[in-house]
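Everything below concerns the one structure shown next.
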Amino acid sequence: MQIEENVRLAIRGLVDHKFRSFLTMLGIIFGVASVITMLSIGEGAKREAIAKYQDLGVNNIIVREKTLSEEELEEVRAKFSQGLSLQDAEVIRQIVPGVDRIASQAEINTDVRYTDKSAKSTIIGITPEYLDMMNYKIGKGNFIDDIHYNERLKVCLLGAGVANTLFQKEDPIGQLIKVDDQWLEVIGVLESKTLFTETVGELAARDLNNDVYVPLSSFLNRFSRENELTSQIQQITIQVENSGRLLETSRLVNEILKRHHFNNDDYSIVIPFELLKQEEKERQIYNFLLGAIAAISLLVGGIGIMNIMLATVMERTREIGIRRSIGAKKADIMSQFVTEAVAISITGGIIGVLVGVSLSLTVSLFTDVSTYIQPYSIVIAFAFSVIVGISFGYLPAKNAANLKPVDSIRYE
C-alpha cells in the first residue's frame, strides 16, 4: 500500500508540475537518446566493416599487383620480373603448407553492351574456386564451374548492378552481351554486394555490383592486356585452412614471390582478417568515447534531478513535518522522495528511448551512415537512467528524512 501511495503521489507531482518535470527530464532524455543513437551508429559501422572483410574472405590472403607508373613498370620489367602470373599461383599451391584453395583473377575496365544499353564495368577473369572463396551468392542462374573453365566457354556472370542497368525487367539468363568484340552468354546474376567505399591495400574502392565475371581461361584467350607491361593476372587469392596461421603463411608467400620477382616490389599482400581485427580495435575505442559522452549527458541529467528534488524538499518541508508528526517514519519519507526521483528518471528514460530509436532510424534514412539498434543498447540506456534517478534522488530523500518534525512544521 505504501509503495502504491508513493507512486500515486509521484505521478501527481509530475502532472501538477508538467513544465518543471519536463525540464528536469531533459538531461535524462538527451542522455538515453545519445546512448542509443551512438551505439546504433557504432554497431552499424561494425557490421559494415565485417561485411566488407567477409566479402574479401577472413581466411584469405590476397596478393595484388601494385599500381605503378609506366616508368616504374619498365624498370621492374627490366629487372626480369614479369609481374603476377599463373605460375606464381601454382608455385604457392605446391610449396606453401596449409593452403586450402587458390584463385587467380585478371581484370580490364571496359564497356558492356546489350541492345542499345551500355554500362561501365570491370571484366574479371576468375577460376571456379573464386566465387566460394569470396563468399559470393547467386541471385539467379549458375556459377562459373570447371566445365566453363576447362573448355574456355564464352559465358559470364553479372553483378546485380550491371544486370539491372542492361536488362531492367528482362530476364538476363541466356541473353548475349557484347564486351569489346566478344559475345558472352549470361549464365547467372549475383546477389547485391557491399560497396567498397575506400581503398583496402591495393584493392581500389569500387562498386562490386558492376563487375562482370568470366572464366579466366576464356579471359586470357579472348581479351588482350592493356599493354605488354601489364601482369598476366592482377590478383591471387589464397585461402588458408587455419586462420591462426595467416601471418605465418603470408610471410612464406612473400618470400616465395620475392624470389620469383627478383626482389622487385611490384605486388602487395593484404590480409583481410588482420585488417578486420585492427578496425575492430579502432571501433571499440570509438564506441567507448561515444558511450562516455552519452554517459556524461546522463550524469548531467542526474544532477538536474538532484537539484530539483532538493528544491522540492525545501518547498514541502512543512508537509514533511506534518507527516512525521502523525507517525511517518524516516524510511517512509525517503521512499516517497526516491520514488518521485525514479518516476522522473523512468519517464525521461522512456521518452529518451523513443527519441533515440527515432534518431537512429532518421540518421540511417537520410544519410549514408548505417545504423543498427541492438536491444541491449536500449536496456543499458534505460537501466542507467533508472540508476541515475535512484542515485541522485537519494541525497534529497535522505535530507528530507532527517528533518526534525518540530522544525519542519515551523518552517516558512
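Numbering starts at 1 and runs along the sequence shown.
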Practice prompt. Scan for salt bridge (Lys or Arg N to Asp or Glu O under 4.0 Å) pairs involving residues 163-176, sequence neighbours excluded, and state none if there are none.
Written response: K140-D171

Discussion item. For L359, is there any backbone N or O sitting under 3.5 Å from a side-chain donor or acceptor partner on T37?
Written reply: no

Item to complete: With the side chain counted from C-beta on, respond yes when I236 and L84 share a heavy-atom pair under 4.5 Å apart, and no when they do not.
Response: yes

Fill in: Any residue meeting side chain to side chain contact (heavy atoms under 4.5 Å, CB included) with L252, in chain and number order, not counting sequence neighbours
V96, P97, I256

Worksheet, complete the sentence: Residue pairs meeting ring pair (Phe, Tyr, Trp, His ring centres under 6.0 Å), one or both in residues 100-122, sequence neighbours left out, come to Y114-F167

Practice prompt. Please assess K178 against W183 for the test side chain to side chain contact (heavy atoms under 4.5 Å, CB included), listing each intermediate value before the final yes or no.
Written response: CA-CA 5 Å; K178 191 173 185 181; W183 289 94; 3.7 Å; yes

Worksheet, complete the sentence: Taken in chain and number order and not counting sequence neighbours, the residues that satisfy side chain to side chain contact (heavy atoms under 4.5 Å, CB included) with V240 are I61, L246, T249

Worksheet entry | Student check: side-chain heavy atoms of V162 and V212 closer than 4.5 Å | yes

Worksheet item: Short question: side chain of N60, backbone of I62 - any donor-acceptor pair under 3.5 Å?
Response: no

Worksheet item: Quick one: side chain to side chain donor-acceptor pair (under 3.5 Å) pairs with a partner in residues 143-159, sequence neighbours left out?
Response: D145-H148

Practice prompt. May I ask you to check whether Y213 and Y130 show a side-chain donor-acceptor distance below 3.5 Å?
Written response: no

Discussion item. Rounded to the nearest 0.5 Å, what separates atom CD1 in I29 from atom OG in S34?
Written reply: 11.5 Å

Item to complete: Starting at CG of D132, measure out to CE of M134 and round the result to the nearest 0.5 Å.
Response: 12.0 Å

Worksheet item: What's the shortest heavy-atom distance between A103 and M133, and which atoms?
Response: CB-SD, 3.7 Å

Worksheet entry | Pair listing, side chain to side chain donor-acceptor pair (under 3.5 Å) test, anchored in residues 256-265, at least two apart | K66-D265, S81-H261, D88-H260, D88-H261, H261-D266

Worksheet, complete the sentence: In short, A381 meets I36 closest at the heavy-atom pair CB-CG1, 4.0 Å

Worksheet item: Do NZ/NE/NH1/NH2 and the carboxylate oxygens of K79 and E75 come within less than 4.0 Å?
Response: yes

Worksheet item: Minimum heavy-atom separation for F219 to I123, with atom names?
Response: CE1-O, 3.6 Å

Discussion item. Walk me through whether F382 and I346 qualify under side chain to side chain contact (heavy atoms under 4.5 Å, CB included).
Written reply: CA-CA 8 Å; F382 184 75; I346 286 177; 4.0 Å; yes

Practice prompt. Heavy atoms only: give me the nearest V214-C156 pair and the separation to one decimal.
Written response: CG1-CB, 3.8 Å

Fill in: Donor-acceptor contact present, side-chain Q105 to main-chain Q234, <3.5 Å
no

Worksheet item: Do V112 and S118 have side-chain heavy atoms sitting under 4.5 Å apart?
Response: no

Worksheet, complete the sentence: With sequence neighbours left out, the residues meeting side chain to side chain donor-acceptor pair (under 3.5 Å) with Q374 are E43

Fill in: Full working for side chain to side chain contact (heavy atoms under 4.5 Å, CB included) between V155 and V186
CA-CA 6 Å; V155 296; V186 178; over 6 Å; no

Discussion item. I'd like to know whether CD of Q87 has more than 12 heavy-atom contacts from other residues, nucleotides or ligands below 6.0 angstrom.
Written reply: no

Discussion item. Restricting to non-hydrogen atoms, name the atom on L153 and the atom on P215 that form the minimum distance, rounded to 0.1 Å.
Written reply: O-CG, 3.9 Å

Worksheet item: What residues, two or more places apart in sequence or in another chain, satisfy side chain to side chain donor-acceptor pair (under 3.5 Å) together with N109?
Response: T122

Worksheet entry | Contact check, side chains of I108 and D180, non-hydrogen atoms, under 4.5 Å | yes

Worksheet entry | Pairwise distance CG(D100) to CD(E241) - rounded to 0.5 angstrom | 5.0 Å

Worksheet, complete the sentence: To the nearest 0.5 Å, atom CD1 of I95 lies from atom CD of E90 at 10.0 Å

Discussion item. Can you tell me if I147 has over 12 outside heavy atoms packed within less than 6.0 Å of its CD1?
Written reply: no

Worksheet item: Looking at side-chain heavy atoms only, is the closest gap between S121 and T110 below 4.5 Å?
Response: no

Worksheet item: Which value, rounded to the nearest 0.5 Å, describes the distance between N210 atom CG and T165 atom OG1?
Response: 6.0 Å

Worksheet item: Nearest heavy-atom pair of L39 and S377: which atoms, and what distance?
Response: CD1-CB, 3.5 Å

Practice prompt. Can you measure from CD1 (I124) to CD1 (I233) and round to the nearest 0.5 angstrom?
Written response: 13.0 Å

Discussion item. Between R64 and E107, does any NZ, NE, NH1 or NH2 come within less than 4.0 Å of an OD or OE carboxylate oxygen?
Written reply: yes

Worksheet item: Quick one: does E191's side chain have a donor or acceptor within less than 3.5 Å of a partner on A160's backbone?
Response: no

Worksheet entry | Partners passing side chain to side chain donor-acceptor pair (under 3.5 Å) against R245 (at least two apart in sequence or in another chain) | E248

Worksheet entry | Evaluation steps, side chain to side chain contact (heavy atoms under 4.5 Å, CB included), between V32 and I28 | CA-CA 6 Å; V32 171; I28 297 295; 4.2 Å; yes

Worksheet item: If we only count heavy atoms from C-beta on, is the L157 to V189 side-chain gap below 4.5 Å?
Response: no

Worksheet item: F384: what forms a side chain to side chain contact (heavy atoms under 4.5 Å, CB included) with it, not counting sequence neighbours?
Response: A295, L298, V388

Discussion item. Among residues at least two apart in sequence or on other chains, which ones pass side chain to side chain donor-acceptor pair (under 3.5 Å) with S104?
Written reply: none

Practice prompt. Kindly indicate whether the side chain of I187, heavy atoms from C-beta on, has any atom under 4.5 Å from the side chain of I173.
Written response: no

Worksheet item: Cut-off 3.5 Å, side chains only: do T237 and Q235 have a donor facing an acceptor?
Response: yes

Discussion item. Contact between D111 and K120 at the side-chain level, heavy atoms closer than 4.5 Å - yes or no?
Written reply: yes

Worksheet entry | S40: partners by side chain to side chain contact (heavy atoms under 4.5 Å, CB included), with sequence neighbours left out | S360, T371, I373

